[in-house]
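All values derive from a computational prediction rather than experimental measurement.
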Amino acid sequence: MKNMIDRIIEIDKEAQKIMDKVQQDKIETANEISRKKEQIRTDLHRKAKQEIEKNKLEEINKTEKEKQSIRESKEQKLNKMQDTYRENCDLWVDNIVKRTIEG
């Protein structure tokens, strides 16, 4: 009988060791999951920041190109107006003076 009780106590101790190991494994797994979750969050945040920066630079470049295009168009129109003025200035002045005198 004593032998049987000793065996039951031994089995109980082994079962407790197994349960302790399972509990420790559970804690380690939970910690690993937390670490991986945080790493994924960090990676996603970093990638999002990179994508935002990339888009920001693309928009800045696009805006600069549009501004340059507007400047060039404005410059062309101004030059065309100045050319028209130079070509017709004397004629316009003559017409204004003639209309004023004839009045």
Side-chain angles (χ1 to χ4, degrees):
M1 187 71 162
K2 181 170 178 356
N3 220 6
M4 187 184 263
I5 294 173
D6 288 344
R7 181 69 182 138
I8 291 172
I9 291 173
E10 185 180 320
I11 291 172
D12 185 56
K13 287 180 181 178
E14 288 177 18
Q16 188 59 46
K17 285 181 185 178
I18 291 170
M19 290 302 295
D20 290 346
K21 174 72 169 125
V22 167
Q23 187 63 30
Q24 184 61 34
D25 288 349
K26 181 180 175 184
I27 291 169
E28 289 174 6
T29 300
N31 289 339
E32 182 64 23
I33 289 171
S34 291
R35 282 192 297 274
K36 286 184 179 185
K37 181 179 168 183
E38 188 58 36
Q39 183 62 45
I40 290 170
R41 180 180 287 126
T42 300
D43 290 346
L44 289 175
H45 189 259
R46 181 182 45 79
K47 287 178 184 179
K49 284 176 75 173
Q50 288 174 343
E51 190 66 25
I52 289 168
E53 188 62 27
K54 176 186 164 198
N55 290 340
K56 178 182 170 184
L57 291 175
E58 286 175 0
E59 285 300 316
I60 288 171
N61 288 336
K62 180 180 173 185
T63 302
E64 286 300 319
K65 287 179 183 179
E66 288 174 359
K67 283 171 45 178
Q68 183 61 31
S69 176
I70 291 169
R71 279 191 207 109
E72 290 172 359
S73 175
K74 187 173 82 173
E75 188 69 30
Q76 288 174 352
K77 288 176 183 177
L78 179 61
N79 288 338
K80 185 175 179 180
M81 288 174 61
Q82 288 174 338
D83 290 345
T84 301
Y85 172 78
R86 279 192 288 278
E87 290 173 10
N88 296 304
C89 177
D90 290 339
L91 177 63
W92 293 340
V93 170
D94 288 345
N95 283 336
I96 292 171
V97 170
K98 186 177 178 181
R99 286 184 187 160
T100 303
I101 293 176
E102 292 176 357

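Side chain to side chain, Gln76 and Glu72 fail the donor-acceptor criterion of an N or O pair below 3.5 Å. One side chain, Asp43 or Gln39, offers a donor N or O that lies under 3.5 Å from an acceptor on the other. Side-chain N/O atoms of Gln68 and Glu64 include no donor and acceptor closer than 3.5 Å. Donor-acceptor pairing under 3.5 Å is lacking for the side chains of Asn55 and Glu59.
Looking only at distances, no side-chain donor or acceptor of Ser69 sits under 3.5 Å from a matching main-chain atom of Lys65.
A side chain to side chain contact (heavy atoms under 4.5 Å, CB included) with Val97 is found for exactly one of Asn95, Ile101, Asp94, Thr100, namely Ile101.
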Evaluate salt bridge (charged side-chain N to carboxylate O under 4.0 Å, His left out) for Glu38 paired with Arg35, printing each intermediate quantity in order.
-> CA-CA 5 Å; Glu38 188 58 36; Arg35 282 192 297 274; over 6 Å; no
Audit row: Lys17, Glu14, salt bridge (charged side-chain N to carboxylate O under 4.0 Å, His left out) steps and yes/no = CA-CA 5 Å; Lys17 285 181 185 178; Glu14 288 177 18; over 6 Å; no
Residues Glu51, Lys54; criterion side chain to side chain contact (heavy atoms under 4.5 Å, CB included); working and verdict = CA-CA 5 Å; Glu51 190 66 25; Lys54 176 186 164 198; 4.2 Å; yes
Asp83 and Lys80: salt bridge (charged side-chain N to carboxylate O under 4.0 Å, His left out), yes or no, with the steps?
-> CA-CA 5 Å; Asp83 290 345; Lys80 185 175 179 180; over 6 Å; no
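In this structure, the separation between NZ on Lys67 and CD1 on Ile60 is 10.0 Å, given to the nearest 0.5 Å. Atom OG1 of residue Thr84 and atom CH2 of residue Trp92 lie 6.5 Å apart, to the nearest 0.5 angstrom. Between Gln23 atom CD and Gln16 atom CD the span is 10.0 Å, to the nearest 0.5 Å. Lys36 contributes atom NZ, which lies 8.5 Å from atom CD1 of Ile33 (distance to the nearest 0.5 angstrom). Atom CD1 of Ile11 is separated from atom CE of Met4 by 10.0 Å, given to the nearest 0.5 angstrom. Note that the NZ atom of Lys47 and the CD1 atom of Ile40 stand 10.0 Å from one another [nearest 0.5 Å].
Residues Glu75 and Asn79 are in side-chain contact: their nearest non-hydrogen atoms beyond the backbone lie under 4.5 Å apart.
Contact check on Glu102 versus Arg99 returns no salt bridge, with no Lys/Arg side-chain nitrogen under 4.0 Å from an Asp/Glu carboxylate oxygen.
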